[in-house]
Number of protein chains: 2
Amino acid sequence: MTKPTDDQLAKLGAAFDGFARRYKLADPDGIERSLNEIDKYTLRFVADHPGCGPTDLARYLGVPTTTASSATDRLARRGLLQRDRVEGDRRAVALRLSAEGEALVADLVAAYRALCRMMLERLSPTERDSFIGMITKIVYHDD
Amino acid sequence: MTKPTDDQLAKLGAAFDGFARRYKLADPDGIERSLNEIDKYTLRFVADHPGCGPTDLARYLGVPTTTASSATDRLARRGLLQRDRVEGDRRAVALRLSAEGEALVADLVAAYRALCRMMLERLSPTERDSFIGMITKIVYHDD
DNA sequence: CCAGATATGACGATATTCGTACTATTCAAT
DNA sequence: ATTGAATAGTACGAATATCGTCATATCTGG
């Protein structure tokens, strides 16, 4: 397989820089700022895995369990998720979103989706599927 | 202009999730981990703007000047950048990378470039320019 | 029944962000 | 020249975050 040219690498790098930059500066005081990165990932993970425990979360995020524990504690204090006891294993806790947490995740997902929409709208309808196909290939191609 | 479909949005969102995730978990103990995000951006900004001051940096990063000042202080203590006095304005300091800082930025850029290369190699040569063109359009298209 | 694995949290060391307040300069307009 | 406002930078401290170490409760295989 031919190698990417230096010019291609430079252009792609510059584009990603610009992307990260715009994405970060775009939302100066929205939902994004009220939660830190780990907390946002936590809420989304719990939304997708109701009943999971802090240890599952830690594995998923690649952080120590104490960090995950802190995060769930923080979010529970803010009323965004609840820690239920599990019957069958009395060591474990089952994490679930509260109603408020569900609402916040919905907002997060909506904001995220709006970002995706804005990106796709800058492409022609023909390009959109092509772009999605390529980025999917990049992300999920294992080797 | 037709709107992106829900299916397209979902696929793109999932791909970005996967991307962010792989990118973060990929490098458990490389250069990336030894510096925090702001410090990495700072080094790269100073590399591109030698002689700039903390205030320029703060504007660029969208953080308070005290945060930028902390970052430059931290990096200066670690010997990665130096703060020179400027003749012509005795309030200002001119930030420059030290030799060690230059070396570290070179490593960072190389790692970044390697990531870009890996991504492009997963596409066919024909797709590469197409992908770069589309992502460039997404990032730089103003409206 | 017991050794070892597992789930979780308490606590503290260290580090980061950022608001407030301060100093040293420079600039602009009289 | 003078002086009041704007500007560059930083010191300091409060609030907060990560994560290592240690303790506790519980499960599980033999």
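Order of the sequence lines fixes the chain letters, A, B, ..., with proteins taken first and strands second; residue numbering starts at 1 for each chain. Reckoned from all heavy atoms, side chains included, excluding hydrogens, waters and symmetry mates.
A donor-acceptor pair under 3.5 Å is formed between the side chain of R128(A) and the backbone N or O of L123(A). A donor-acceptor pair is defined here as one N or O able to donate and one able to accept, closer than 3.5 Å; such a pair exists between the side chain of R22(A) and the backbone of V139(B). Side chain of T136(B) to main chain of I132(B): a donor-acceptor pair is present (N/O by atom type, distance under 3.5 Å, no hydrogens or angles). For R85(A) (side chain) and A92(A) (main-chain N/O), a donor-acceptor pair under 3.5 Å exists by modelled atom type.
Distance CD (E87(A)) to P (dA7(C)): 18 Å, rounded to an integer number of Å. Put simply, CD on E37(A) is 13 Å from P on dA17(D), counting in whole angstrom units. dG9(C) atom P lies 13 Å from atom CG of L75(A), rounded to whole Å. Distance CG (D73(A)) to C1' (dA10(C)): 10 Å, rounded to an integer number of Å. Residue L57(A) contributes atom CG, which lies 15 Å from atom C1' of dC19(D) at whole-angstrom precision. If you measure from atom CZ of R78(B) to atom C1' of dT14(C), you get 12 Å, rounded to the nearest angstrom. One can place CZ of R85(A) at 7 Å from P of dG9(C), the figure rounded to the nearest angstrom. For the pair R74(B) CZ and dT16(C) C1', the interatomic distance rounds to 6 Å; values are reported in whole Å.
If you check dT8(C), dT26(C), dA17(D) against the side chain of T65(A), the one that comes closest is dT8(C). Closest contact between the side chain of A92(B) and the listed nucleotides dC18(C), dA8(D), dT8(C) involves dA8(D). The side chain of P54(A) has dG9(C) as its nearest neighbour among dG9(C), dC19(D), dT25(C). Closest to the side chain of S70(A), out of dT17(C), dT8(C), dT18(D), is dT18(D). Nearest to the side-chain atoms of V93(B) among the listed nucleotides dT10(D), dT25(C), dT21(D) stands dT10(D).
Ring-plane geometry between Y60(A) and H49(A) is classed as tilted, the angle between the planes lying from 30 to 60 degrees on a 0 to 90 degree scale.
Across all strands, R59(B) comes closer than 4.0 Å to no nucleic acid atom at all (heavy-atom distances). Across all strands, T55(A) comes closer than 4.0 Å only to sugar-phosphate atoms, never to a base (heavy-atom distances).
For the pair I38(B) and R83(A), nearest-nucleotide mapping onto DNA chain C gives the more 5' position to R83(A). Judged by closest nucleotide on DNA chain D, T67(A) is the one of T67(A) and G88(A) placed further toward the 5' end.
Under 3.5 Å, the side chain of R91(A) and the base of dT6(C) form at least one donor-acceptor pair of N or O atoms.
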